[in-house]
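Report on the structure given below.
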Amino acid sequence: MSYRRFGLHRTVDHVRRYRHIMAVLMKHGIADVGGSLSARVRAAFHRSVKPQAPGARSRPERIRLAMEELGPTFIKFGQILSTRPDLLSPEYIEQLEMLQDRVPPVALPLIREEVEAQLGGKLEDIFGSFDHEPLAAGSIAQVHRAVTRDGRQAVVKIRRPGIVKTLRTECEMLEGLAGFIKTAFFGDGLLDPQRMVREFTEAVMREVDLSAERRNQERFFANFAGVEGIRIPAVFREYCSEGVLTMEYVGGIKPSNLAALSAGGYDRKLLARRGADFVFRQVFDIGFFHADPHPGNFFMLPGNVIAAMDFGQVARLTGTDRAMLQDLVLCVVDQNAIRLVRTLQRHQLLGEDTDPAGLTRDTEELLDCYGNLPIADVPFREVLTGVFELIRKHRISPPAEFTLMLKSLMTIESFAKSLDPDFESVENLKPYAARFKRQRLDPRRLLREAHGTLAELHDLANRMPEDLNAILTKMRHGQIQMRVHHEHLENLVTTLDKSSNRISFALIIAALLVGSSLLVPQQGSLFGLLHMQTLGVLGFTVAAIMGLWLLLSIMKSRKL
C-alpha cells in the first residue's frame with residue numbers, strides 16, 4: 001500500500017521544507033527565532049544548526065535576505081507585506097520594498113508547452129512570430145514579445161509552469177509557521193499572522209490567475225479611454241487564458257531614465273502631474289485603483305503620454321470607503337482632529353482598547369506640525385507616515401483596501417518627485433478637496449439625502465407596530481430569550497477545567513499510594529501471576545511517575 005494514499009508524501013515534503021526554512025533563518029542570524037525553535041529543530045531533524053552572528057545588519061535587513069533566499073512564495077509575501085505600513089514600522093517596509101524576483105528564465109521548451117496547453121494549438125500556428133528571449137522573468141510569470149497572425153505587435157505574459165502548485169503548498173506551510181512568526185517578530189503587535197497569511201494567499205492566487213489580470217486591464221482601459229496623456233495597452237482577448245495574457249506592445253522610456261527623457265524633449269513636470277492625476281482619479285473618482293504604481297510599471301511615450309502596465313495588484317474602494325476618505329480629507333484640510341476621530345468612530349474603525357482622547361491628542365499634534373506651513377511646503381509623505389504611525393499606535397483597523405490606497409498615494413508621490421523634485425501632492429489634491437466641499441453642499445445631494453432619511457423613517461414607522469406586537473406576543477408566551485456574553489468567561493472555564501483535572505490526578509495518585517501501602521505487607525499472589533508485594537511496588541512506581549509529572553506541569557505553568 002502506497003504511503004501517498006494517506007498524504008504522507010506531503011508531510012515528508014513539508015518537513016524537508018521546514019528544515020530548509022529553519023536553516024535559512026538561522027543562517028541569517030535571526031537568533032530570536034532560532035533560539036525559540038532550536039530545540040524543536042534538533043529533536044525533529046537530529047541536527048544542530050548554529051546561527052551565524054548577525055553582524056552589523058539590522059533585523060529587517062536580515063529578514064529581507066532570508067526571504068530572498070527562501071524563494072518566490074516568501075518574496076511575494078514580503079512584497080505584499082511592504083504594502084501594509086499600517087502593520088509594520090518604516091524600517092521593515094523599507095527593506096521589504098527592496099525584495100526583487102531574482103529568478104532565472106524558464107527554458108523555451110517549457111514556455112512553448114505552457115502556451116500550447118493554455119491556448120490549444122501549436123505555437124507557430126497561434127502567433128506569426130514569437131521571440132525566444134524573454135523581455136522579463138519574474139517568480140510568477142515570464143514575458144515575451146510576439147506578433148499575432150494578423151500582424152499586431154504584442155507582448156505575451158506566460159505563467160511559470162508549476163507555480164500554482166508550489167504557491168499553494170508553501171502557503172499551507174506559511175500558515176503553519178504564522179504562530180512562530182507572531183511570537184518571534186511581532187509580539188503583541190497589531191499583526192495577526194494567520195489572517196495575514198490567508199489574505200496573502202488570496203492575493204497571490206489572484207495574481208497568478210492571469211484571466212483576472214486581463215479583466216482588471218480591460219476595466220482600466222475603459223475607465224481611461226479618451227483621457228489625455230494616459231494610455232492603457234489593449235488586451236488581445238483571443239490570445240488570453242488563465243495562464244496567458246496577451247496585450248499590445250508599448251515601447252517607451254522608463255521614468256527612471258531621466259537623461260533619455262530630457263534628450264527626447266519630454267516635459268517632466270507635466271509627466272509628474274499626469275502620473276499623480278492617474279492615481280488620484282482612480283482613488284477619488286472611480287474607486288478601483290492600481291495597488292502598485294511604482295516607476296517600473298510605467299513607460300513614457302511621445303507626446304508626454306504615460307502608459308501603465310501590470311494590473312495584477314488592484315484594489316477596490318466601496319462607496320462607503322470613498323465617503324469616509326472624503327470626510328478624512330476634509331478633516332485634514334480643515335485641521336479638525338475631533339471631527340476626524342468621530343469619523344473613525346462612526347465607521348467603527350477604532351478597537352475596543354483605543355483611547356479616543358489619546359488619539360485626538362496625537363492627531364492634533366500631527367496636524368499642528370504642518371498646519372501652519374504653506375500648502376507647497378507640506379511634506380505629503382511625512383504626513384502619511386505619521387498617519388500610519390497613529391494607526392499602529394492606537395490599533396485602528398482600517399480596511400486593507402484603505403491602507404493600500406494610502407500606500408499607493410505615497411508611491412505615486414515618490415514617482416512624481418523623481419520626475420519633478422518640486423512636485424507637491426497636497427497642491428494637486430486641492431481641486432479634489434474643493435470638489436468634495438461643493439458636493440457636500442450641493443442642494444440636489446442634500447435633497448436626495450433628506451429624501452432617503454425620510455424614506456427610512458417612514459419604513460421604521462410602518463414596521464414599528466408590527467415589531468412591537470411580535471415582541472409583546474413572545475413575552476405573553478414566555479418566548480423571550482436573552483443572551484448574555486461574559487468577557488473572559490472562557491478563560492475561567494479553562495482554568496476550572498485544568499484545576500479539576502489536577503485535583504482528579506492528585507486523587508488518583510493518593511489512591512495508588514494508599515492501595516500500594518496496603519498491598520506491600522500482604523503475602524500471596526494475584527491469580528498466581530504476580531506477587532502482592534510486587535504489585536504494591538509497581539503501584540508506588542506509577543504513583544511516583546504521575547506525581548513527578550503533575551509537579552512538573554504545575555512548575556511549568558508557574559502557578560504554584
Side-chain angles (χ1 to χ4, degrees), residues 79-80 82-85 90 93-101 136 138 216-217 220 223-224 227-233 250-286 288-315 317 375-385 387-388 401 403-432:
Q79 290 173 339
I80 291 176
S82 72
T83 66
R84 299 302 303 273
I93 297 296
E94 181 181 356
Q95 286 294 326
L96 294 177
E97 285 178 336
M98 297 168 61
L99 284 170
Q100 299 294 327
D101 294 340
N216 295 336
Q217 187 163 338
F220 271 91
N223 288 338
F224 287 90
V227 175
E228 184 182 6
I230 301 296
R231 181 174 174 184
I232 308 297
V250 176
I253 301 174
K254 284 290 186 181
S256 57
N257 193 347
L258 300 181
L261 291 176
S262 298
Y266 286 82
D267 185 342
R268 287 162 49 184
K269 290 183 180 294
L270 178 59
L271 289 172
R273 189 166 64 252
R274 283 179 171 173
D277 285 340
F278 173 65
V279 173
F280 292 164
R281 176 182 170 85
Q282 296 168 43
V283 170
F284 296 114
D285 293 340
I286 301 172
F288 179 75
F289 62 94
H290 198 303
D292 191 25
H294 65 77
N297 286 333
F298 293 101
F299 283 105
M300 306 293 110
L301 307 181
N304 297 308
V305 175
I306 296 179
M309 316 291 292
D310 195 355
F311 299 93
Q313 295 185 35
V314 299
L317 291 174
I375 288 291
D377 295 336
V378 174
F380 186 67
R381 189 177 183 87
E382 288 184 20
V383 172
L384 288 181
T385 301
V387 170
F388 284 125
E401 294 79 8
T403 56
L404 281 174
M405 176 270 299
L406 293 178
K407 183 64 165 55
S408 294
L409 293 179
M410 293 177 66
T411 304
I412 200 63
E413 195 214 24
S414 297
F415 162 80
K417 278 189 171 294
S418 68
L419 294 170
D420 175 17
D422 297 327
F423 178 84
E424 297 297 340
S425 291
V426 177
E427 187 68 33
N428 284 266
L429 278 172
K430 284 175 64 178
Y432 292 92

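Values below: all heavy atoms of this structure, side chains included; hydrogens, waters and symmetry mates excluded.
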side-chain contact (heavy atoms from CB on, under 4.5 Å) test vs Leu261 passes for just one of Ile253, Asn304, Asp267, namely Ile253
The reported gap from CZ in Phe284 to CE in Met405 (rounded to nearest 0.5 angstrom) is 6.5 Å
*Would you say the side chain of Phe288 lies within less than 4.5 Å of the side chain of Val314, judging by non-hydrogen atoms?*
yes
| said: Can you see whether Phe224 has Arg281 sitting over its ring - NZ or CZ less than 6.0 Å from the centre and within 45° of the normal? | reply: yes
| field | Full working for side-chain contact (heavy atoms from CB on, under 4.5 Å) between Phe280 and Asp285 | value | CA-CA 8 Å; Phe280 292 164; Asp285 293 340; over 6 Å; no
*Taking the side chain as every heavy atom from C-beta outward, state whether Arg231 and Phe299 have any atom pair closer than 4.5 Å.*
no
When you measure from the side chain of Gln217 to the backbone N and O of Asp310, does any donor-acceptor pair fall under 3.5 Å? no
How far apart are the C-alpha atoms of Leu409 and Val279, what are their side-chain angles, what is the distance that settles it, and do they pass the side-chain contact (heavy atoms from CB on, under 4.5 Å) test? CA-CA 7 Å; Leu409 293 179; Val279 173; 4.1 Å; yes
Is the backbone of His290 close enough, under 3.5 Å, to the side chain of Gln313 for a donor and an acceptor to pair up by distance? no
Between Met309 and Pro233, the two heavy atoms sitting closest are SD-CG, 3.6 Å
For this session: Take Leu301 and Val250 through the side-chain contact (heavy atoms from CB on, under 4.5 Å) test and state the conclusion after the steps.
Result: CA-CA 8 Å; Leu301 307 181; Val250 176; 3.6 Å; yes
Taken to the nearest 0.5 Å, the spacing of Ser256 OG from Met300 CE works out to 9.5 Å
message: Within the 4.5 Å heavy-atom criterion, are Pro295 and Pro255 side-chain neighbours or not?
response: yes
Test item: Pro293 and Phe278 side chains (from C-beta on) under 4.5 Å apart, heavy atoms | no
Rounding to 0.5 Å, atoms OG (Ser408) and NE2 (His294) come to a distance of 11.0 Å
Heavy-atom nearest pair, Asp420 first then Ala272, reads CB-CB, 3.8 Å
- Under the 6.0 Å and 45° cation-pi test, does Lys254 pair with Phe298? no
| request: Just do the side-chain contact (heavy atoms from CB on, under 4.5 Å) check on Phe289 and Leu317 with the steps written out, would you? | output: CA-CA 8 Å; Phe289 62 94; Leu317 291 174; 3.7 Å; yes
The reported gap from CD1 in Ile232 to CZ in Phe311 (rounded to nearest 0.5 angstrom) is 4.0 Å
Here the gap from Asp422 atom CG to Arg268 atom CZ, rounded to the nearest 0.5 Å, amounts to 10.5 Å
Between the OG atom in Ser414 and the CG atom in Leu419, the distance rounded to the nearest 0.5 Å is 11.5 Å
Main chain of Phe423, side chain of Lys417: is a donor-acceptor contact present, judged purely on distance under 3.5 Å? yes
